[in-house]
Amino acid sequence: MATCQNCGRSISAARECSYCDGTFCPKHQLPENHGCNGVENWDVNGQWFDDDLSEG
Ligand SMILES: [Zn+2]
Ligand SMILES: [Zn+2]
């Protein structure tokens with residue numbers, strides 16, 4: 001069981017941030033929601049968020 005590095009909650013399905021390699025809950029996965037330190041590498045032309053609906 002992983003733990004969200006932002007709120008400390010235990011999460012069954014951990015989500016790794018693509019920018020800082022941190023592990024977060026779905027609510028804090030977004031870089032803007034966990035004070036991501038990799039935001040400076042953001043690609044403004046690409047979509048950095050994944051939609052859960054794309055995977056089963
Ligand atoms: Zn969280
Ligand atoms: Zn991050």
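Both ligands and their constituent atoms are indexed starting at 1 by order of listing.
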Angle subtended at the Zn ion (ligand 1) by SG of Cys4 and ND1 of His28, nearest 10°: 120°
Cys4 versus Ile11, closest heavy-atom pair with distance: N-CD1, 3.8 Å
Angle in degrees, rounded to 10°, that SG of Cys36 and SG of Cys20 form at the Zn ion (ligand 2): 110°
Exam field: side chain His34 to backbone Asn6, donor-acceptor pair closer than 3.5 Å: no
Least distance between heavy atoms, Phe24 atom then Gln5 atom: CE2-CB, 3.7 Å
Metal site angle (apex the Zn ion (ligand 2)), SG from Cys17 and NE2 from His34, 10 degrees: 110°
The Zn ion (ligand 1) reached by Cys25 (N, O or S, under 2.8 Å): yes
Spacing of CZ belonging to Arg15 relative to NZ belonging to Lys27, to within rounding of 0.5 Å: 14.0 Å
